[in-house]
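As structure tokens, the structure follows; a few thoughts come after it.
Labels below follow one simple rule: chain letters A, B, ... track the order of the sequence lines, proteins then strands, and each chain is numbered from 1.
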Protein chains: 2
Amino acid sequence: MERGRPRNFDRTLALRRAMEVFWERGYEGTSLSDLTEAMGIERPSLYAAFGCKEALFREAVDLYNEIEGVPAQRVLETALTARQAIETMLRDYAATYTQVGKPPGCMIVLAALLGTPQNKDVRDHLARHRRESRLALKARIVRGMAEGDVPQTADAERVGGFYATLLEGLSIQARDGASRLDLEAIIDGAMTAWDPLVACGKTLPRR
Amino acid sequence: MERGRPRNFDRTLALRRAMEVFWERGYEGTSLSDLTEAMGIERPSLYAAFGCKEALFREAVDLYNEIEGVPAQRVLETALTARQAIETMLRDYAATYTQVGKPPGCMIVLAALLGTPQNKDVRDHLARHRRESRLALKARIVRGMAEGDVPQTADAERVGGFYATLLEGLSIQARDGASRLDLEAIIDGAMTAWDPLVACGKTLPRR
DNA sequence: GGAATTATTTACTGATTGGTATGAAAAAGG
DNA sequence: CCTTTTTCATACCAATCAGTAAATAATTCC
């Protein structure tokens, strides 16, 4: 059984609030005072519950990934073809990047891109997340090639890199004020590239 | 004639050093101590020569744009066709994003993306630069339509948005360690999209 | 009820932030 | 030479940064 005074705030809710501030302002742009204010708790409570700023950020990233990332990533597995998978994933992300009442763009892409050398660990953490996303994208194309819905000629590395780059670009567009329809139009464009992209393969003529 | 003690350091060189630090660490990730150390001058000299941190940053952005941005943007005007213009621009940027001895990616894209509310002006400043780049891209497509090398059916907004998004994504790829060849491969992919992209026009079938 | 345990509040820490006051040093004009 | 003008280096400023010490308050176990 639990001993001592029970915590009198909702840890999960407080973490959610922290996530939103980090998502909006980034890791270094968010101060402890910003966090305690948004979470509705005092500083020592934050440290007791989450350890330190960096640990709180990592938990916030995990929560973000769970809420916003995993659902969009899941279709990568469930969709029947690689093309369907990637298009649906892109459109799902376009939706999450432009939700009203939430910061635009992807927290994992935006929240710790540049900064002081002493926060390199935080940036690397997000960079690893992005790397995994790229690998998942590429893996889905490889799977499509194995299952026959993507031509054997395709260069999975190139196709995956292309769509990963576009996806990360969408976060910046969203920060710059692009609407969901704007992002959808860009995705339309990217999807028209699918057929020639998977067709041309590794030996692409240059210029 | 000049009166008084002459300045004892090369202002342009100092600005260049400041640019490199801002480019590497971003606006908020760079402290005045970082700057004075990199510039080889003391704090009051910095303030006398540049005003304040934000003014110095804006000058650094201008310098960056002059050195890294303008040359790549120029081909947008000089190239004979819209397609040539955009492809060459993308490849020029891929080169600048991966120069050895310089920070990877684009300073204008990366250096002030998220942060505290009190630095909103700085972020808006870079956002305006990005907006102009997008408009220039779109304008080049419109020109191509007028000159006949791009079909009248094309949707300049969509095509421009697509390549602008990809270009901004390339900065993140570069920060994540992508080589010039990696970026070139992604650009290869993006250019295979050109024909279907300019062909399909505004009435694109959805899904 | 009392002891033990944990959370909360208040106030504080040393370090660092962007930005300056001050006076010495170095040049030019007369 | 001496005054004027500007820059330089040292030292400093209040504010904020992330993180804590200490005491009080609230709960459970016995």
(request) Using a 4.5 Å cut-off on heavy atoms from C-beta on, say whether the side chain of B/Ile141 contacts that of B/Ile86. (result) yes
(message) Without decimals, in angstroms, what is the distance between A/Leu35 CG and D/dG19 P?
(response) 10 Å
(request) Please determine, for the side chain of A/Ser33, which listed nucleotide (D/dC17, D/dT20, C/dT9) has the closest atom? (result) D/dC17
(message) Heavy-atom nearest nucleotide on DNA chain C for A/Arg7 versus B/Cys52: which residue maps closer to 5'?
(response) A/Arg7
(request) In whole angstrom, give the distance that lies between atom OH of A/Tyr47 and atom C1' of C/dT8. (result) 16 Å
(request) Take atom CG of B/Leu32 and atom P of D/dC13, then tell me their distance rounded to the nearest Å. (result) 18 Å
(request) Can you establish whether the number of heavy atoms outside A/Arg16 located under 6.0 Å from its atom CZ is more than 12? (result) no
(message) Tell me whether A/Asp176 is salt-bridged to B/Arg123, with the criterion being a basic N under 4.0 Å from an acidic carboxylate O.
(response) no
(request) Check the distance between C/dT16's P and B/Arg25's CZ and give it to me in whole angstrom. (result) 14 Å
(request) Output yes when a side-chain donor or acceptor of B/Glu28 lies under 3.5 Å from a complementary backbone atom of B/Thr116, and no otherwise. (result) yes
(message) Could you check whether any side-chain N or O of A/Lys53 sits under 3.5 Å from a backbone N or O of A/Thr30, counting only pairs where one atom can act as donor and the other as acceptor?
(response) yes
(message) Would the distance check show the side chain of A/Tyr163 and the main-chain N or O of A/Ala190 forming a donor-acceptor pair, the cut-off being under 3.5 Å?
(response) yes
(request) Using atom types as modelled and distance alone, determine if a side-chain donor or acceptor of A/Arg175 lies under 3.5 Å from a backbone N or O of B/Leu113. (result) no
(message) I need the CG-C1' distance between B/Asp34 and C/dA15, as an integer number of Å.
(response) 15 Å
Return the polar atom pairs (N/O with N/O) between nucleotides 2-4 of chain C and the protein under 3.5 Å, or none.
none

(request) Report the residue (A/Pro44 or B/Ala48) whose heavy-atom-nearest nucleotide on DNA chain D is the more 5′ of the two. (result) B/Ala48
(message) Nearest to the side chain of A/Arg43, heavy atoms from C-beta on, is which of C/dG19, C/dT9, D/dA18?
(response) D/dA18
(request) Whole angstrom is fine here: how far is it from CZ in A/Phe50 over to C1' in D/dA18? (result) 17 Å
(message) Could you tell me how far apart A/Lys53 (NZ) and D/dG19 (P) are, to the nearest whole angstrom?
(response) 8 Å
(request) Would you indicate, yes or no, if D/dT7 has its OP1 or OP2 atom less than 4.0 angstrom from a side-chain nitrogen or oxygen of B/Ser45? (result) no
(message) Please determine whether a side-chain nitrogen or oxygen atom of A/Asn8 lies at a distance below 4.0 Å from atom OP1 or OP2 of D/dA26.
(response) no
(request) Check the distance between D/dT20's C1' and A/Ile41's CD1 and give it to me in whole angstrom. (result) 15 Å
(message) Side chain of B/Arg5 only, heavy atoms from C-beta on: which candidate in C/dT9, D/dT7, D/dT20 is closest?
(response) D/dT7
(request) Mind checking A/Thr30 for me? I need base, sugar-phosphate or nothing, with any heavy atom below 4.0 Å counting as a touch. (result) sugar-phosphate
